[in-house]
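Just below is one structure, and these are the notes that go with it.
Please read all numbers here as calculations on a predicted model, not as lab measurements.
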Amino acid sequence: METDQKGCDKTALMKFFVTISFLLCQLVGLAQTDEVKLTSTLKEFHQALVNKNTVSINQQTDKALSYGHSNGWVETKKELIEHLESGYMGYNSFREDSIKVEVNGTVAHARFIADINATMSGKEFTFQLRVLEVWVKKGKRWVLFARQAVRK
């Protein structure tokens with residue numbers, strides 16, 4: 001056993017620092033995994049809007065969803081799904097840019113710029129928006145809790 005002048009076991013001390021370093025790396029890795037997973041989930045959600053996949057949208061949104069548009073219109077989960085199913089509202093394309101995700105335990109927010117082409121009441125619109133989405137983790141899944149957009 002190797003000790004220094006103060007009687008400390010250098011091998012044990014080295015093992016301690018290696019263990020602590022390993023644990024810190026694991027924690028950082030878990031946070032990055034949540035950010036990557038959420039980024040993928042939000043892109044899947046936006047494509048579900050384009051594809052009018054209401055089964056997926058239902059699974060990816062919280063029952064208390066507040067879906068805010070850039071004109072001040074706010075939809076509930078029920079309204080969002082009904083408007084897609086009826087054709088009142090439709091997303092033709094949805095592209096995200098500059099996605100920034102911040103995870104804090106089981107709550108996260110994502111900010112990004114979106115280029116959206118949509119149809120409402122038969123009229124086509126193109127928007128470039130700044131979007132904030134709030135996501136909550138339920139079990140191992142992220143679900144959209146709130147969204148608000150403003151025109152860029």
Side-chain angles (χ1 to χ4, degrees), residues 13-152:
L13 194 56
M14 184 63 108
K15 286 180 183 178
F16 173 76
F17 284 119
V18 168
T19 302
I20 294 297
S21 297
F22 176 77
L23 291 173
L24 288 173
C25 288
Q26 291 298 313
L27 288 174
V28 168
L30 287 174
Q32 289 174 342
T33 300
D34 272 345
E35 290 169 1
V36 169
K37 186 173 181 179
L38 180 53
T39 300
S40 176
T41 299
L42 76 85
K43 287 181 177 186
E44 289 170 12
F45 172 73
H46 300 147
Q47 283 311 299
L49 290 171
V50 172
N51 298 330
K52 295 183 178 132
N53 184 343
T54 55
V55 171
S56 182
I57 292 167
N58 187 49
Q59 293 171 345
Q60 293 174 314
T61 54
D62 191 84
K63 63 183 176 185
L65 176 67
S66 175
Y67 196 84
H69 296 270
S70 62
N71 63 357
W73 178 39
V74 179
E75 293 174 290
T76 64
K77 177 178 184 166
K78 181 181 175 192
E79 291 167 335
L80 175 67
I81 291 171
E82 285 175 356
H83 292 151
L84 287 170
E85 288 176 335
S86 70
Y88 177 71
M89 179 76 181
Y91 293 85
N92 306 316
S93 66
F94 199 122
R95 190 179 68 79
E96 310 87 352
D97 190 22
S98 306
I99 300 171
K100 293 182 181 145
V101 173
E102 191 73 36
V103 177
N104 186 358
T106 59
V107 178
H109 63 77
R111 291 182 182 273
F112 54 92
I113 296 170
D115 290 314
I116 299 171
N117 180 274
T119 304
M120 184 171 173
S121 297
K123 295 180 184 176
E124 190 172 325
F125 301 93
T126 300
F127 300 101
Q128 189 171 51
L129 305 173
R130 293 188 185 274
V131 181
L132 167 65
E133 293 180 347
V134 178
W135 294 78
V136 293
K137 195 168 191 181
K138 296 200 173 183
K140 294 185 178 192
R141 293 184 317 121
W142 287 101
V143 295
L144 182 61
F145 181 76
R147 180 241 199 207
Q148 186 58 58
V150 295
R151 292 188 185 178
K152 187 174 176 200

For the backbone of [Y] and the side chain of [X], can you confirm whether one donor and one acceptor N or O come within less than 3.5 Å of each other?
{"X": "K37", "Y": "W142", "result": "no"}
{"X": "K77", "Y": "N58", "result": "yes"}
{"X": "K138", "Y": "V143", "result": "no"}

Over all atoms of both residues, closest heavy-atom pair of [X] and [Y]:
{"X": "S66", "Y": "V74", "result": "OG-CG1, 3.4 Å"}
{"X": "E79", "Y": "E75", "result": "OE1-CA, 3.3 Å"}
{"X": "G90", "Y": "K52", "result": "CA-CE, 4.1 Å"}

Inset, instruction - Verify the neighbour count for atom CZ of F145: are there more than 12 heavy atoms of other residues, nucleotides or ligands below 6.0 Å? - result: no

Inset, instruction - Look at the aromatic rings of F45 and W135 and report parallel, tilted or perpendicular, splitting at 30° and 60°. - result: perpendicular

Inset, instruction - Quick one: sort the W73 and Y88 rings into parallel, tilted or perpendicular, breaks at 30° and 60°. - result: perpendicular

Legend entry - Residues T39 and E35: side-chain donor-acceptor under 3.5 angstrom: no

Legend entry - S86-E82 side chain donor-acceptor pair, cut-off 3.5 Å: no

Legend entry - Any residue meeting side-chain contact (heavy atoms from CB on, under 4.5 Å) with F125, in chain and number order, not counting sequence neighbours: M120, K123, F127

Interatomic distance, [X] atom [atom1] to [Y] atom [atom2] [nearest 0.5 angstrom]:
{"X": "D115", "Y": "F94", "atom1": "CG", "atom2": "CZ", "value": "9.5 Å"}
{"X": "I113", "Y": "R95", "atom1": "CD1", "atom2": "CZ", "value": "9.5 Å"}
{"X": "E102", "Y": "H109", "atom1": "CD", "atom2": "NE2", "value": "5.0 Å"}
{"X": "L38", "Y": "R141", "atom1": "CG", "atom2": "CZ", "value": "13.0 Å"}
{"X": "S98", "Y": "R130", "atom1": "OG", "atom2": "CZ", "value": "8.5 Å"}

Less than 4.5 Å apart, any side-chain heavy atom of [X] and any of [Y]?
{"X": "L80", "Y": "L49", "answer": "yes"}
{"X": "L144", "Y": "Q60", "answer": "no"}
{"X": "K43", "Y": "I99", "answer": "yes"}
{"X": "V101", "Y": "F112", "answer": "no"}
{"X": "T119", "Y": "N92", "answer": "yes"}

Inset, instruction - Kindly indicate, with the supporting measurements, whether the criterion side chain to side chain contact (heavy atoms under 4.5 Å, CB included) is fulfilled by L129 and R151. - result: CA-CA 5 Å; L129 305 173; R151 292 188 185 178; 3.8 Å; yes

Inset, instruction - Only one of N51, L65, I81 passes side-chain contact (heavy atoms from CB on, under 4.5 Å) with I57; say which it is. - result: I81

Inset, instruction - Quickly, which of H46, R147, Q148 forms a side-chain hydrogen bond (donor to acceptor under 3.5 Å, both in side chains) with E133? Name it, please. - result: H46

